[in-house]
There are 2 protein chains.
Amino acid sequence: MRESETGEIRGLTIFADMDDAAFARLCRAAYVQTFPPQVELFAEGEPSDFLHILVAGQVELCAHWNGRETVMEIVRPVSSFILAATIRDAPFLMSARTVEKSRLILLPSQDVRNVFDTDGAFARALVRELAGCYRGVVKSSKNLKLRNGIERLANYLIRQQDLAGGAPSFVLPVEKRKIAALLGMTPENFSRALRLLGEYGVTNDGMTITIADRKSLVRLAKPVRMIDDPEI
Amino acid sequence: MRESETGEIRGLTIFADMDDAAFARLCRAAYVQTFPPQVELFAEGEPSDFLHILVAGQVELCAHWNGRETVMEIVRPVSSFILAATIRDAPFLMSARTVEKSRLILLPSQDVRNVFDTDGAFARALVRELAGCYRGVVKSSKNLKLRNGIERLANYLIRQQDLAGGAPSFVLPVEKRKIAALLGMTPENFSRALRLLGEYGVTNDGMTITIADRKSLVRLAKPVRMIDDPEI
DNA sequence: GGACGAGCTTGATATAAATCAAGCGGTTCC
DNA sequence: GGAACCGCTTGATTTATATCAAGCTCGTCC
């Protein structure tokens, strides 16, 4: 991997505190790869041979059981994913598929574990990262168990508006059907729920959402820090 | 804290590899406390001043939103809980309440963070522990999103039978209403689902469950490693 | 331009789950 | 012993969600 490429991930919080030598050991056998849209990167149950870092594009993590499929998470750059499987040398719990053309850096899991075993700074950074990941999933689980479909959608839209900079109009990051699965609902119900949010000032044209009356939407969504604040 | 008491937790995987001096620093200001049933140990949103370790009894972790409540996890001894909040010095995402009379060891979060900052072995053990916790929540989330109520209950019973040693009859660990909430269903639906499982050889008398035909139940439940195996 | 396909929407319907309302069966406490 | 309570169960009903079946819209491709 060339230096220009390692630079793209050097700033990630999990690498920030480690010294250059350790980082170099991590990147020695790493490689960069660009994938077209809709490519399966790996499947649930496979051994986790590489720690994946998404540099550009978008990747969805999904899960399957008994012929059913759901979306667990949508990964946006720059961030690592499936860190826990790498650390535990355990099979993937989720499958990964590119949503659009994506560039990834792949670090051999064995190298990640070796550096983690010898570099204290890296180990500590991983603790903080994994603690954050854990809390992220707990929040998502609370969201699923405590809210119904419309409430989840309302909160999702508020969050997306913030991510997009807060303007009244913004574009959904992925297909509606994927967002529906992420929120634990069918595409049909997603569509109906979105129309019901018209009562709260939400309109949509294709992938563009406009929130005319955010206060009204917030009154319905009732976002709270212990579910909706990604920083906590 | 007396040595007889620190011994109860010394064997936990998060402490196993650290040297005695570091462990002693962790335990210096720790204390042991016994709580009666139904006591709230802490509430969602409060600062995480102590890492909690359950030595005996049972504790439920629950979450609230907009007047609704759900059970996120039932902790059994000996295990730590809310490790992620301690590490990140962040507020609790869940509330904790004793289910029965319980004995806990409380380690000041600041001490945990200090030792973690200086002891590499402890940091590495925490990484593995948190990676395991993360994967646990992911599995639980897959269970919620991919299965309906009866399927979740069927898998829960199979798991409990295994935990109880595999005998056909076993006793549920907590009130049915709490199990219902854990599984994301109402007590009424839990009751009905349990009765429907009669078709698959499941009978119950009070808190005692008997699985007469495990194969039949497994055919319905379809447990898979990537959701139901706690070791992976 | 027109045919096709994919994703989205909509309506009708079926199923799952929640809610409401009793009643049952223990236990606790006078 | 009996009253009161609590958790569980059951049935009736409502609501939420999923499924099925079209149709629509907007691209792409010939």
Side-chain angles (χ1 to χ4, degrees), chain A residues 36-38 58 60 65-71 74 97 99-100 143-157 171-199 202-210 220, chain B residues 36-38 58 60 65-71 74 97 99-100 143-157 171-199 202-210 220:
Chain A
Q38 305 301 330
Q58 268 187 119
E60 60 170 332
W65 179 76
N66 194 29
R68 300 172 207 167
E69 166 166 348
T70 190
V71 176
I74 291 164
R97 189 190 301 139
V99 173
E100 53 190 68
N143 187 41
L144 276 172
K145 291 186 80 172
L146 291 166
R147 290 174 173 156
N148 65 24
I150 293 179
E151 289 161 347
R152 291 196 295 272
L153 176 56
N155 279 290
Y156 177 83
L157 294 179
V171 178
L172 294 173
V174 293
E175 281 182 298
K176 289 178 179 175
R177 52 172 50 235
K178 291 194 196 300
I179 299 172
L182 182 70
L183 297 177
M185 53 209 291
T186 57
E188 293 95 328
N189 269 339
F190 179 91
S191 192
R192 281 186 268 264
L194 197 50
R195 198 147 63 103
L196 282 174
L197 289 185
E199 300 286 323
V202 176
T203 50
N204 82 304
D205 175 25
M207 297 291 276
T208 303
I209 300 287
T210 303
L220 170 73
Chain B
Q38 304 301 331
Q58 268 187 121
E60 60 170 333
W65 180 75
N66 195 29
R68 300 171 207 167
E69 167 167 346
T70 190
V71 175
I74 291 166
R97 190 191 299 139
V99 174
E100 51 190 70
N143 188 41
L144 276 171
K145 290 186 81 173
L146 291 166
R147 290 174 174 155
N148 66 23
I150 293 179
E151 291 161 346
R152 292 195 295 273
L153 175 56
N155 280 290
Y156 177 83
L157 294 180
V171 178
L172 294 172
V174 293
E175 282 181 296
K176 289 178 180 177
R177 52 172 49 237
K178 290 194 197 301
I179 299 172
L182 182 69
L183 298 177
M185 52 208 294
T186 58
E188 293 95 328
N189 269 340
F190 179 91
S191 193
R192 280 186 268 264
L194 198 49
R195 198 146 64 102
L196 282 174
L197 289 184
E199 300 285 324
V202 176
T203 50
N204 81 306
D205 175 25
M207 297 291 275
T208 303
I209 301 288
T210 304
L220 170 72

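Chain letters run A, B, ... following the sequence lines, proteins first, then strands; residues in each count from 1. What's counted below: heavy atoms across the whole structure, side chains too, no hydrogens, waters or symmetry copies. Since the model is a prediction, treat every value here as computed from it, not as a measurement.
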Quick one: label B:Gly149 by what it contacts on the DNA or RNA (base, sugar-phosphate, nothing), any heavy atom closer than 4.0 Å.
-> sugar-phosphate
Touch check for B:Asn204, heavy atoms < 4.0 angstrom, all strands: base, sugar-phosphate only, or nothing?
-> sugar-phosphate
If only side-chain N and O atoms of A:Thr186 are considered, is one of them under 4.0 Å from the OP1 or OP2 phosphate oxygen of D:dT17?
-> no
Could you tell me whether the phosphate oxygens of D:dG7, OP1 or OP2, come under 4.0 Å of any side-chain nitrogen or oxygen in B:Lys178?
-> no
Just by distance, do the side chain of B:Lys145 and the backbone of A:Val71 share a donor-acceptor pair under 3.5 Å?
-> yes
Winner on side-chain proximity to A:Asn148, out of D:dT17, C:dA18, D:dT9, is D:dT17
Which part of the nucleic acid, if any, lies within contact of A:Arg192, taking any heavy atom under 4.0 Å across all strands shown: a base, the sugar-phosphate backbone alone, or nothing?
-> base
Would you say A:Arg195 reaches C:dG11's phosphate, i.e. side-chain N/O to OP1/OP2 under 4.0 Å?
-> yes
State whether A:Arg177 places a side-chain N or O below 4.0 Å from either non-bridging phosphate oxygen (OP1 or OP2) of C:dT9.
-> no
Find the distance A:Leu153:CG to D:dA16:P and express it as a whole number of Å.
-> 15 Å
Over how many whole Å does the gap from B:Asp205 atom CG to C:dC24 atom C1' extend?
-> 14 Å
Does CD in A:Glu199 sit with more than 12 non-hydrogen atoms of other residues, nucleotides or ligands closer than 6.0 Å?
-> no
Is a donor-acceptor pair below 3.5 Å formed from side chain A:Glu188 to base D:dC20, judging by atom type as modelled?
-> yes
Looking for any heavy atom pair under 4.0 Å, which part of the strands does A:Glu175 touch: base, sugar-phosphate only, or nothing?
-> sugar-phosphate
State whether the number of non-hydrogen atoms from other residues, nucleotides or ligands found under 6.0 Å of A:Asn66 atom CG is greater than 12.
-> yes
Please check the phosphate of D:dA18 (OP1 and OP2 only) for any side-chain N or O of A:Asn189 closer than 4.0 Å.
-> yes
Take the protein atom CD of B:Gln38 and the nucleotide atom C1' of D:dC6, then report the distance between them rounded to whole Å.
-> 12 Å
Whole-Å distance between D:dC8 P and B:Met185 CE?
-> 13 Å
So which heavy atom on B:Ile74 is nearest to which on B:Val174, and how close?
-> CD1-CG2, 3.4 Å
note: B:Leu172, atom CG; D:dG7, atom P; distance rounded to Å ~ 16 Å
Of the non-hydrogen atoms in B:Arg152 and B:Arg147, which two are nearest, and what is the gap between them?
-> NH1-O, 2.6 Å
Distance, rounded to the nearest Å, where A:Phe190 contributes CZ and D:dA18 contributes P | 13 Å
Calculate the interatomic distance between B:Arg152 atom CZ and C:dA17 atom C1'; express it in whole Å.
-> 10 Å
B:Ile179 CD1 - D:dG7 C1' separation (whole Å) = 13 Å
